[in-house]
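Heads up: the structure comes next, in structure tokens.
All values below come from the heavy atoms of this structure, side chains included, with hydrogens, waters and symmetry mates left out.
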Amino acid sequence: MQKRLYNLSRNRVFYISGLISLSVLLAFPVQEYAKKFFRKEVILPNSQIKPQTIQLDLPPEDKRIGGLIAADVNNDTKKDFIITKPGHIAVYSNSGDKLWTKQIDIQVSGQAEKQGLPGWHGSGVQAADVDGDRLTEVLFLTKDKNLHIVQGADGKTKRSIKLEPPKGASSWEHVVVANFRGKGNRDLLLQATNAKGYRKGRYLAAYAIDNLLKQENPKPLWTQDKFLGGVHAGARVADLDGDGKHEVLGGTIVGSDGKILFQVPMENTTKQHPHIDAIFVADVRPDIPGLEVVALEEGGSDRLKEGGRGIRKRFAEMYNNIAGGGNRIFLYNKERLIWETHFKHQEPQNAAVGDFDLQRPGLEIWCRSRYNTNQKPFVFDAQGKLIADYQIEDVAPKGWSDKGVEVIFTVDWTGDSRQLAAAKERHEAGDVAIFDPLNGQFLHRFDEKSDRLYVADVSGDWREELIVLNGNQLRIYQNQEPNPNPNRPRLWTQDHYRLSKMTWNYYNP
């Protein structure tokens with residue numbers, strides 16, 4: 001009898017506990033719907049800034065393949081525009097004059113893990129004076145395994161050379177002008193993914209550009225086949241320690257001599273992992289000499305896929321928070337891991353790094369999160385402490401896509417020390433906006449059909465402009481307000497800024 005009563009009591013406890021758990025789970029979507037019902041709409045009129053518009057000699061069709069960069073290609077000290085699409089390169093001056101175009105099978109791609117580098121929105125081009133003649137050259141790869149070096153002003157070929165990829169790769173896919181020997185922009189980094197299976201850019205090779213220009217069979221300065229790069233984007237380079245030479249940046253830091261200096265602590269769990277979504281470089285911690293690297297991890301062990309709605313979404317969130325592991329944000333340099341953190345183990349996916357809070361030392365790291373709808377950004381300070389989180393649907397203006405934002409750039413728009421963020425509507429050719437990363441407040445909205453968004457200083461007053469590719473038009477938005485600090489040096493004087501603006505793509509603005 002006592003055993004029966006005990007079992008009955010225990011079953012009632014389980015039953016009541018189950019009801020409580022179910023009621024809690026069911027309450028979440030009710031709370032969400034109630035919050036949505038009482039939410040005050042955010043009304044933000046479209047900006048009245050009229051953009052400079054450049055009509056491009058390019059097909060308007062767009063599959064998110066190809067991109068754009070700014071560089072002074074005609075040597076007049078003004079930033080010009082290089083735009084790529086499959087089979088096309090177009091180069092226009094700062095004032096909008098067409099300088100040259102080419103119909104050529106340039107190496108650009110979509111999904112990097114399936115199609116190879118440089119990934120969505122990657123331009124596949126570099127621009128720099130690589131031979132010391134004080135004139136800019138443009139460099140790019142084509143799908144027939146050739147490297148092309150052309151004159152920036154008119155596109156005439158200086159050198160075309162076939163470079164065989166390493167064993168295991170089908171071709172070189174990503175090209176970066178670099179400085180590995182302390183001689184300036186005289187070196188070249190090539191990167192390739194494995195030809196079979198889930199593709200990762202593990203293969204690297206460094207070349208002296210003088211040898212590429214003059215020799216028939218140039219030998220690399222070094223090679224590396226154990227590079228852990230971002231899965232969706234190509235390698236980046238920067239001088240992390242101020243020694244006048246570049247390191248290669250990914251989940252591993254490769255020195256100027258090709259040796260691995262550091263790797264973030266990530267388990268090799270599956271063919272897709274370790275998995276890094278994005279890489280950024282900045283002086284996040286001014287109290288530490290040199291620059292730091294920010295890396296965003298996707299997934300990890302014991303994870304449930306995020307997304308969905310209602311109970312399914314809440315269950316995934318709770319399980320991931322309990323299970324732990326994965327979806328971390330790392331801050332490190334060439335010597336050590338400075339910190340790693342997470343926010344409820346939610347996938348960060350995309351980020352913006354900048355001085356978003358002038359009251360805090362160093363830079364802040366804004367992470368977008370990964371949800372099909374109603375993104376939930378979160379922000380860390382330079383020490384890895386969570387300082388803000390919110391929901392996009394609470395702050396986005398009326399009519400903005402419920403899928404949130406994408407292609408998020410840090411932007412120096414106002415001329416003040418505090419930076420903001422710029423982004424476009426996610427998964428559509430939609431509007432562009434500037435917002436405050438700390439609280440999500442949308443400050444400016446631009447009526448657009450943006451296929452690409454790029455942010456760079458092209459007007460010359462050190463503030464940055466919004467550069468939108470809309471079909472076969474390039475549209476440049478400039479802040480019309482007076483610059484409160486007009487005498488600051490241009491951002492292009494920072495080596496890591498210049499390099500980042502040439503190696504960006506969808507995941508790594």
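The list of ring-ring contact (aromatic ring centres under 6.0 Å, His included) pairs with a residue in residues 420-439, not counting sequence neighbours, reads Trp366-Phe435, Phe435-Phe442. Every pair passing ring-ring contact (aromatic ring centres under 6.0 Å, His included) that includes a residue from residues 450-469 is listed here, sequence neighbours excluded: Tyr454-Trp504. For residues 248-267, the ring-ring contact (aromatic ring centres under 6.0 Å, His included) pairs, not counting sequence neighbours, are Phe262-Tyr332.
In this structure, Asp355 has no salt bridge (Lys or Arg N to Asp or Glu O under 4.0 Å) partners at least two apart in sequence or on a different chain. With sequence neighbours excluded, the residues forming a ring pair (Phe, Tyr, Trp, His ring centres under 6.0 Å) with Phe380 are Phe378, listed by chain and number. Scored by the salt bridge (Lys or Arg N to Asp or Glu O under 4.0 Å) test, Asp80 finds no partners at all (sequence neighbours excluded). Ala233 pairs by the side-chain contact (heavy atoms from CB on, under 4.5 Å) definition with Asn505, Asn508, not counting sequence neighbours. Among residues two or more places apart in sequence or in another chain, the ring pair (Phe, Tyr, Trp, His ring centres under 6.0 Å) test is passed with Tyr390 by none. For Arg64, the side chain to side chain donor-acceptor pair (under 3.5 Å) criterion is met by no residue, not counting sequence neighbours. In this structure, the ring pair (Phe, Tyr, Trp, His ring centres under 6.0 Å) partners of Phe180, at least two apart in sequence or on a different chain, are Trp222. A search for side-chain contact (heavy atoms from CB on, under 4.5 Å) contacts involving Leu499 returns Val237, His246, Asp495, not counting sequence neighbours. Remark: His174 pairs with no residue by the ring pair (Phe, Tyr, Trp, His ring centres under 6.0 Å) rule, at least two apart or across chains.
Side chain of Glu465 to backbone of Val458: a donor-acceptor contact under 3.5 angstrom is found. Judged by distance alone, the side chain of Glu292 and the main-chain N or O of Val284 form a donor-acceptor pair under 3.5 Å. A donor-acceptor pair under 3.5 Å is absent between the side-chain atoms of Glu113 and the main chain of Arg199, judged by distance alone.
Judged by distance alone, the side chains of Asp412 and Gln419 do bring a donor and an acceptor atom under 3.5 Å apart. Inspection of the Ser401 and Arg426 side chains reveals no N or O donor paired with an N or O acceptor under 3.5 Å. Counting only N and O atoms by type, the side chains of Tyr371 and Gln346 include a donor and acceptor under 3.5 Å apart. No side-chain donor from either of His275 and Glu297 sits under 3.5 Å from a side-chain acceptor of the other. Side chain to side chain, Thr252 and Arg202 fail the donor-acceptor criterion of an N or O pair below 3.5 Å. In the model, Glu173 has a side-chain atom that pairs as donor or acceptor with a side-chain atom of Thr193 under 3.5 Å. Judged by distance alone, the side chains of Asp239 and His496 never bring a donor and an acceptor atom under 3.5 Å apart.
Side chains of Ile387 and Arg360 form a contact here, defined as non-hydrogen atoms less than 4.5 Å apart. Considering only heavy atoms from C-beta on, Lys245 stays 4.5 Å or farther from Arg181 through its side chain. Between Lys501 and Glu464, the closest side-chain pair of non-hydrogen atoms falls below 4.5 Å. Looking only at side-chain heavy atoms (C-beta outward), Val138 and Val73 come within less than 4.5 Å of each other. In this structure, the side chains of Asp187 and Leu221 come closer than 4.5 Å at one or more pairs of heavy atoms. When side chains are defined from C-beta on, His121 does not count as touching Ile65, because their heavy atoms never get closer than 4.5 Å.
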Chi angles and distances behind the side-chain contact (heavy atoms from CB on, under 4.5 Å) call for Ile408, Lys424: CA-CA 7 Å; Ile408 307 102; Lys424 63 179 289 292; over 6 Å; no
Applying ring pair (Phe, Tyr, Trp, His ring centres under 6.0 Å) to Phe446 and Tyr477, what does each step give before you reach the verdict? CA-CA 9 Å; Phe446 302 87; Tyr477 292 88; 4.9 Å; yes
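The cationic atom of Lys79 (NZ for Lys, CZ for Arg) lies less than 6.0 Å from the six-membered ring centre of Trp492 and within 45° of the ring axis.
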